[in-house]
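Let me begin by presenting the structure, written as structure tokens, before commenting on it.
First listed ligand is number 1; within each ligand, the first listed atom is number 1.
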Amino acid sequence: MTKDTMIAVIGGSGIYDIDGLDGAEWVSVETPWGTPSDQILTGTLDGVKMAFLPRHGRGHVHSPTEVPYRANIDALKRLGVTDVFSVSACGSFRENMAPGDFVIVDQFIDRTFAREKSFFGTGCVAHVSVAHPTCERLSDAAEAAARDAGITVHRGGTYLCMEGPQFSSVAESKMYRESWGCDVIGMTNMPEAKLAREAELCYASIAMVTDYDSWHPDHGAVDITEILATLQGNSSNGRELVRRLPGILGAERAPCPHGCDRALEYAIMTAPE
Ligand code: ADE
């Protein structure tokens, strides 16, 4: 059985809308978890329904800690979204993942501690698996779109999600890279990916490298000026990538071959009343 595809893009630093939407309209959505980061831009691209949510809000008003992650994911679900692409800036722990490159992340280490991380709790307890927190089908689409757009893209990588808002110390940066085997670092993909799984939404993460964090002997400490300079190039590449997604995924969607859209089937512990 197929249903309509609806692609959501959650745009990070540097990406605050998407180009070329037919019938573009910013819509307000309220949720039991509060108000999302901003209104959501809806429309169609190549005949496929699209939604765009600026993660930090237009004007970049929510810090990574303050992003209303539950409201964001729930609002997308309420709009009928099936597939979520997260686009975000990141630092790199690998020489070959250079500023300007994109990484299709497939694993996370969650070091955040000041965020609501679940839709479940008192009254209804559920434990979904996030062993494989991203969807292979969407990651394939993101990789294909990036290659077609001529972007240098790395398939697979472990993303360390830190609380922020400060960047890492040199000691932390070296530990994440050398002992923990992380490839990139950012502040926003968690709990977003966990919540998308609880909401039974397919989720892929496109991390755009802006800097070498603080471990690299030939690069100094990270600073926002460097990040913003790289983001300008990254965001036009990000837009090119997004423009290709509807053509790759198509307007009709079969059940996810990896089961992302059935994640709750064996996850709920609480007995029905
Ligand atoms: N976002 C972009 N660069 C980053 C870094 N080095 N650490 C955390 N978040 C980032």
So if I count the atoms of ligand 1 from 1 in the order they appear, which ones are less than 4.0 Å from some heavy atom of [X]?
| X | answer |
| --- | --- |
| Met162 | 8 (C) |
| Gly186 | 8 (C), 9 (N) |
| Ile227 | 2 (C), 3 (N) |
| Ala89 | 1 (N), 2 (C) |
| Asp213 | 5 (C), 6 (N), 7 (N) |

Q: Assess whether atom NE2 of His132 is packed by more than 12 heavy atoms of other residues, nucleotides or ligands within 6.0 Å.
A: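 No, the 6.0 Å shell around NE2 holds no more than 12 heavy atoms from other groups.
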Q.
Below 3.5 Å, N or O to N or O, backbone or side chain included: is there any such pair between Val222 and ligand 1?
A. no
What protein heavy atom lies closest to [atom]? Include the residue and the distance to one decimal.
| atom | value |
| --- | --- |
| atom 3 (N) of ligand 1 | Asp211 OD2, 2.7 Å |
| atom 4 (C) of ligand 1 | Gly91 N, 3.4 Å |
| atom 2 (C) of ligand 1 | Thr210 OG1, 3.3 Å |

Q: Specify side chain, backbone, both or neither for Ile185, according to which of its non-hydrogen atoms lie closer than 4.0 Å to ligand 1.
A: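 Contact part for Ile185 vs ligand 1: both backbone and side chain.
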Q: Specify side chain, backbone, both or neither for Ser214, according to which of its non-hydrogen atoms lie closer than 4.0 Å to ligand 1.
A: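 Under 4.0 Å from ligand 1, Ser214 contributes no heavy atoms.
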How are the rings of [X] and [Y] set relative to one another: parallel (under 30°), tilted (30 to 60°) or perpendicular (over 60°)?
| X | Y | value |
| --- | --- | --- |
| His60 | His56 | parallel |
| Tyr176 | Trp180 | tilted |
| Phe108 | Tyr159 | perpendicular |

Q) Do Asp17 and Arg239 sit within salt-bridge range, that is, some charged N less than 4.0 Å from a carboxylate O? A) yes
Q) Is the shortest distance from a Lys or Arg side-chain nitrogen in Asp4 or Arg253 to a carboxylate oxygen in the other one below 4.0 Å? A)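 Salt bridge between Asp4 and Arg253, a charged N being under 4.0 Å from a carboxylate O: no.
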Q.
Quick check on the 6.0 Å ring-centre criterion: do Trp33 and Phe119 meet it?
A. yes
Q.
Does either side chain, that of Lys117 or that of Thr112, offer a donor lying less than 3.5 Å from an acceptor on the other one?
A. yes
